[in-house]
Amino acid sequence: MYSSKENVNILTALLVAHGVRHVVVCPGSRNAPLVHNFYVCPELQCYPVTDERSAGFFALGISQATNTAVAVCVTSGTALLNVSPAVAEASFQHRPLVVISADRPQAWIGQLDGQTMPQDNAFGVFVGKCVCLPEVSDDESRWHCNRLVNEALLSMKKKGGIPVHINVPISEPLFDFSTPSLPVERKIEMALPSCHIDEIAIKPLLDARRPIIVIGQLKRCEHLSEVVSELKKRFVVLHEPLSVDGGATWFDSMFDDIAGNDAYAPDFILYIGDTVVSKLLKRYLRTLSCTNTCMVSEDGDVHDVTMHMNTMLISSAEDVLTAISEHKGNNTDAEFHARWNGEINRCRSQFLPISSENIHEEAVRLFEQEIDKRSEKCYVHYANSTSVRYGCIYATHYIYVNRGVNGIEGSLSTAAGYSVAVNEKTFIVTGDLSFFYDANALWNKNLKNNLRIILLNNGCGGIFSKLKGLENSPSRDDCVAASHNTSAKGLCMAYGVEYLAASSREELSACLTMLFDKETNSPMLLEVG
């Protein structure tokens with residue numbers, strides 16, 4: 001039996017019709033009709049999560065793992081605002097989250113009633129569409145409700161994927177579950193335009209003598225990794241593990257040798273994808289002000305990363321890179337290509353085989369070595385700040401990271417969401433501030449034993465020690481870097497997470513083996529410090 005609220009039933013039916021299969025639900029009374037419907041609907045899988053901020057990132061992780069739209073449902077009031085960080089991150093990652101908020105009847109907004117606030121357009125520019133469903137009272141309001149839900153769910157398919165917000169006012173009584181079945185609803189279809197990249201669009205790259213292809217963060221795609229691997233044989237391709245498999249082809253240690261050196265200067269730049277982690281790579285690209293630059297933009301927005309773009313190509317990364325790979329001819333200077341590859345290999349040999357005196361960097365190096373030695377499939381997430389910078393050095397495979405807005409919140413929740421949607425081990429490497437800030441990710445009954453956490457705990461935000469000039473401020477340690485003496489051991493005990501600790505290279509090696517091999521009934525955490 002379903003809710004007696006027709007707008008709730010129309011929404012449920014259309015979520016199923018548009019292919020949504022996963023819904024993260026948060027507690028509350030106003031959204032109980034929605035949660036009830038999602039729970040009893042056989043086509044939907046529900047994941048109860050209490051903390052709304054964690055729930056939003058948990059939904060993002062499921063979307064990353066399944067490459068599908070995922071819904072997150074919250075009650076009225078400030079519960080909605082707690083989902084904002086995940087919505088912003090999903091927007092930049094081109095992930096189709098459907099945020100569903102229950103609301104009080106519109107007549108009571110602004111009338112000092114409990115848990116009421118203006119919920120329409122709460123996410124501003126971070127959603128592709130916000131609709132407020134009418135409470136159905138006649139045929140016209142039913143048509144209106146159907147149309148609005150269709151509009152929202154179609155909008156999330158634009159721009160390569162974007163979050164949408166569906167606000168659902170629900171009047172009392174709330175708990176009448178007497179409708180025997182969902183209605184058969186009109187589903188509006190949308191045909192997305194096909195994009196064919198012809199030789200004219202990529203001719204400037206093919207004609208260039210010293211071209212460079214720069215690839216920013218992309219959604220994981222095994223086919224694309226294979227394409228880029230072949231392109232590297234013909235072109236200089238700069239990327240980090242946020243883009244494709246194969247390991248980084250840009251290391252910050254290259255900057256001093258390459259910046260200002262005409263022998264490495266390109267005559268054409270093709271920039272594809274979203275953000276790159278390295279500030280020095282962006283700085284280098286911005287020094288090449290006389291170089292023709294084409295930016296590939298899937299969402300059609302201008303992203304002038306290099307500050308001197310003069311052409312924009314609206315297409316997906318996969319379409320463009322595949323088109324380039326299909327045209328075998330190019331004019332690349334062989335010496336230019338070899339010079340860049342030589343520098344990349346030189347830097348790689350400096351990092352990968354050599355131990356680090358920093359226990360946290362060494363933990364990442366040994367962890368990535370362990371992955372390379374094993375044939376078993378796994379997935380790896382990194383938190384922002386220092387953690388992902390280590391990952392960019394040592395990872396030879398694709399890594400997941402919430403790099404859309406670069407926030408430290410939500411990395412653990414995202415990895416947790418990812419882990420429930422797959423059977424393979426899912427690792428998350430995180431710093432201490434990011435971990436403790438998102439500790440409610442472990443307060444989650446959905447977690448499986450395939451979630452493995454590596455916590456790099458140095459008692460502060462480690463990246464702040466690398467910011468030149470900040471050491472002169474007496475506020476750095478306590479206020480900026482947020483120094484602390486907190487351990488994860490107690491949290492693991494409280495949440496039923498198996499706990500390991502390592503403070504030396506020998507302990508690290510033994511604990512990493514356990515992290516990979518030990519069979520447990522719960523998630524496992526290794527604290528390095």
Side-chain angles (χ1 to χ4, degrees), residues 208-217 228 232 235-244 246-293 304-309 332-358 360-362 364-365 368 382 384-396 399 401 403 406 461-472 476:
R209 291 285 292 154
R210 296 152 67 100
I212 287 180
I213 301 173
V214 181
I215 308 177
Q217 185 172 29
V228 171
K232 287 178 184 177
F235 299 97
V236 176
V237 182
L238 303 182
H239 67 79
E240 296 164 329
L242 289 69
S243 310
V244 290
T249 57
W250 169 269
F251 299 92
D252 281 353
S253 59
M254 295 162 55
F255 181 78
D256 290 337
D257 291 335
I258 290 172
N261 188 335
D262 289 342
Y264 292 91
D267 59 3
F268 183 81
I269 300 170
L270 180 67
Y271 190 106
I272 300 174
D274 294 321
T275 184
V276 293
V277 173
S278 173
K279 288 185 177 180
L280 289 183
L281 175 53
K282 285 180 280 193
R283 184 185 302 174
Y284 172 65
L285 295 174
R286 290 166 186 170
T287 65
L288 305 171
S289 58
C290 296
T291 306
N292 287 334
T293 300
D304 191 9
V305 176
T306 67
M307 298 178 69
H308 47 81
M309 171 185 71
T332 301
D333 183 332
E335 291 185 6
F336 176 77
H337 184 252
R339 188 178 300 118
W340 267 99
N341 284 343
E343 182 68 12
I344 291 166
N345 291 330
R346 182 187 69 79
C347 289
R348 181 174 284 136
S349 65
Q350 282 184 334
F351 286 109
L352 299 189
I354 300 172
S355 298
S356 172
E357 295 181 2
N358 182 313
H360 302 106
E361 183 172 359
E362 182 66 0
V364 175
R365 191 183 75 89
E368 290 294 349
Y382 277 85
N384 272 307
S385 203
T386 302
S387 300
V388 71
R389 286 169 171 81
Y390 289 155
C392 284
I393 295 172
Y394 296 109
T396 60
I399 64 176
V401 57
R403 203 64 192 168
N406 307 358
I463 199 167
F464 297 107
S465 65
K466 304 179 185 299
L467 303 181
K468 188 176 180 180
L470 187 56
E471 72 276 6
N472 298 321
R476 185 189 71 172

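Because the structure is a prediction, the values reported are computed rather than measured.
- A donor-acceptor pair is defined here as one N or O able to donate and one able to accept, closer than 3.5 Å; no such pair exists between the side chain of Trp250 and the backbone of Glu240.
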Only distances under 3.5 Å count here; give the side-chain donor-acceptor pairs of residues 270-277 to other protein atoms, sequence neighbours excluded, each with its distance to 0.1 Å.
| from | atom 1 | to | atom 2 | distance (Å) |
| --- | --- | --- | --- | --- |
| Tyr271 | OH | Asp274 | O | 2.8 |
| Asp274 | OD1 | His94 | NE2 | 3.3 |
| Asp274 | OD2 | His94 | NE2 | 3.2 |

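- For Arg403, the salt bridge (charged side-chain N to carboxylate O under 4.0 Å, His left out) criterion is met by no residue, not counting sequence neighbours.
- In this structure, Asp267 contributes its side chain and Arg210 its backbone to a donor-acceptor pair below 3.5 Å.
- A donor-acceptor pair is defined here as one N or O able to donate and one able to accept, closer than 3.5 Å; such a pair exists between the side chain of His308 and the backbone of Leu285.
- Looking only at side-chain heavy atoms (C-beta outward), Trp340 and Met254 come within less than 4.5 Å of each other.
- Judged purely by atom type and a 3.5 angstrom limit, Glu362 uses its side chain to pair as donor or acceptor with the backbone of Ser356.
- Under the 4.5 Å side-chain criterion, counting only non-hydrogen atoms from C-beta, Leu352 is not in contact with Glu368.
- Listed by chain and number, the residues in a salt bridge (charged side-chain N to carboxylate O under 4.0 Å, His left out) with Asp304 amount to none (sequence neighbours excluded).
- At distances below 3.5 Å, at least one donor-acceptor pair connects side-chain atoms of Arg339 with backbone N or O atoms of Ala263.
- Distance check, rounded to the nearest 0.5 Å: CZ of Phe235 to OG1 of Thr332 gives 5.0 Å.
- The main-chain N or O of Ser278 is never found under 3.5 Å from a side-chain atom of Arg283 such that the two would form a donor-acceptor pair.
- In this structure, Val236 and His337 approach most closely via the heavy-atom pair N-CD2, 3.7 Å.
- Residues Arg365 and Ser355 are in side-chain contact: their nearest non-hydrogen atoms beyond the backbone lie under 4.5 Å apart.
- Side-chain contact between Thr386 and His360 is absent, with no heavy-atom pair separated by less than 4.5 Å.
- When each of Thr396, Ile393, Ile399, Thr249 is paired with Pro241, the side-chain contact (heavy atoms from CB on, under 4.5 Å) condition holds for Ile399 and for no other.
- Taking the charged nitrogens against the carboxylate oxygens, Asp252 and Arg389 have no contact shorter than 4.0 Å, which rules out a salt bridge.
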